[in-house]
Amino acid sequence: MDFLDLEGMLSNLVSIGGQLLLLIIVYVIVAPIGRKAISKAMGHVAKRQKLNEGRKKTLENLLLNVFTYVLLFFFIVTFLGILGIPLAPVLAGAGIVGLAVGFGAQGLVSDIVTGFFILIEKQIDVDDYVTAGGHDGIVEELGLRTTQLRGFDGTLHFIPNRYIQAVNNHTRGNMRALVDMGIGYSENIDQAMEILQNVCDRFREDDRIKEGPDVVGVQSLGSSDVVLRVIAQTEKMLQWEVERDLRKAMKEALDDAGIEIPFPHRTIVQKETE
């Protein structure tokens with residue numbers, strides 16, 4: 001009888017081991033296939049709905065996360081079923097534990113709710129340049145719990161969504177390039193503006209610029225200079241590049257015309273003593 005029981009136990013263990021091995025193989029095969037299918041389907045949807053690349057990446061990452069969680073849930077449930085562990089007590093216990101944890105996890109719920117509305121309202125997309133939660137940078141990943149921003153110094157910020165009370169999206173529509181140039185008080189303002197406008201006219205054919213640039217006039221009167229302002233509308237994320245190029249070209253044009261760009265001077269008065 002003991003021999004028969006031992007043989008039955010070994011047979012049962014072999015059967016369970018085979019089922020677990022098959023489950024793992026299925027999981028390993030289904031997971032990458034499912035991810036590829038989601039990526040391919042999102043590519044077709046984005047093309048048909050004319051979604052931009054950032055929105056496509058945002059929705060694709062969200063669907064991949066949901067797929068991973070659902071697949072993991074079914075894997076755990078099937079794993080417990082193969083081992084013969086009753087699911088009802090486990091689920092009931094999980095519900096009680098979840099209720100207890102829920103009272104102390106209100107922040108997590110707030111993260112998910114906030115993340116849901118950020119996604120629905122299309123406030124942020126992947127690759128957008130935003131200011132959120134006290135940080136600014138490029139959105140690398142947008143999830144229901146956290147948002148990841150890559151700062152310009154390379155730092156990756158993980159921001160819980162509940163801390164995103166306001167979002168400043170700097171990549172919706174054209175951006176403004178603004179350049180202030182100072183000239184000396186003794187210089188001819190009209191001549192300087194004409195020179196700067198000539199530089200602006202050369203930049204009008206630049207593909208990065210959508211409108212302008214134009215000299216808008218005297219912006220302010222400084223302690224040692226008259227500040228002239230130039231404004232242009234550029235493609236998103238290219239405003240700083242355009243500002244640098246404009247500033248360089250304007251400096252060279254003013255130098256060629258002999259117009260002084262003032263810099264701080266220091267006058268030293270030496271008092272002679274008897």
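The first residue in the sequence is number 1, and the count goes up from there.
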Spacing of OG1 belonging to T171 relative to CG belonging to D128, to within rounding of 0.5 Å: 3.5 Å

CG (N168) with more than 12 external heavy atoms under 6.0 Å: yes

R204 atom CZ, neighbour heavy-atom count above 12 within 6.0 Å: yes

Where P160 and T146 come nearest, the two heavy atoms and their spacing: CA-CG2, 4.2 Å

Worked check of side-chain contact (heavy atoms from CB on, under 4.5 Å) between I164 and Q123: CA-CA 11 Å; I164 303 178; Q123 299 177 17; 5.6 Å; no

From E243 atom CD to R176 atom CZ, the distance as rounded to the nearest 0.5 Å: 9.0 Å

Validation row: N174, Q239 side chains within 4.5 angstrom (heavy atoms): no

I29 with I24, same ILVMFWY side-chain cluster at under 4.5 Å: no

Polar side-chain atom of D225 near backbone of V227 as donor-acceptor pair, under 3.5 Å: no

Approximate separation, where rounding is to 0.5 Å, of H170 NE2 and I138 CD1: 9.5 Å

Parallel, tilted or perpendicular: ring planes of F152 versus W240, cut at 30 and 60 degrees: perpendicular

Gap between atom CZ of R145 and atom CD1 of I159 - 0.5 Å precision: 12.5 Å

Closest heavy-atom pair and its distance - P262, G182: CD-O, 3.5 Å

Hphob cluster co-occupancy, V28 + I33, side-chain heavy atoms under 4.5 angstrom: no

Hydrophobic cluster membership, L178 vs L238, 4.5 Å side-chain cutoff: no

Spacing of H135 atom NE2 and L156 atom CG [to the nearest 0.5 Å]: 11.0 Å

E187 backbone acceptor or donor facing E260 side chain under 3.5 Å: no

Considering all heavy atoms, the nearest I231-R229 contact: CG1-CG, 4.0 Å

Shortest non-hydrogen contact between E252 and K248, atoms and distance: OE2-NZ, 2.7 Å

Co-membership, hydrophobic cluster, residues Y163 and L149, 4.5 Å side-chain: yes

Inter-residue atom distance E140.CD - R150.CZ, 0.5 Å rounding: 4.0 Å

Single-linkage hydrophobic cluster Y129~V167, side-chain heavy atoms < 4.5 angstrom: no

Residues clustered with L221, ILVMFWY side-chain links under 4.5 angstrom: V179, M181, I183, Y185, I189, M193, I195, L196, V199, F203, I209, V215, V218, V226, L228, V230, V242, L246, M250, L254, I259, I261

Criterion side-chain contact (heavy atoms from CB on, under 4.5 Å) on N161 and T147, from CA distance to verdict: CA-CA 6 Å; N161 288 333; T147 296; 2.8 Å; yes

Under 3.5 Å side-chain donor-acceptor pair for N198 and E194: no

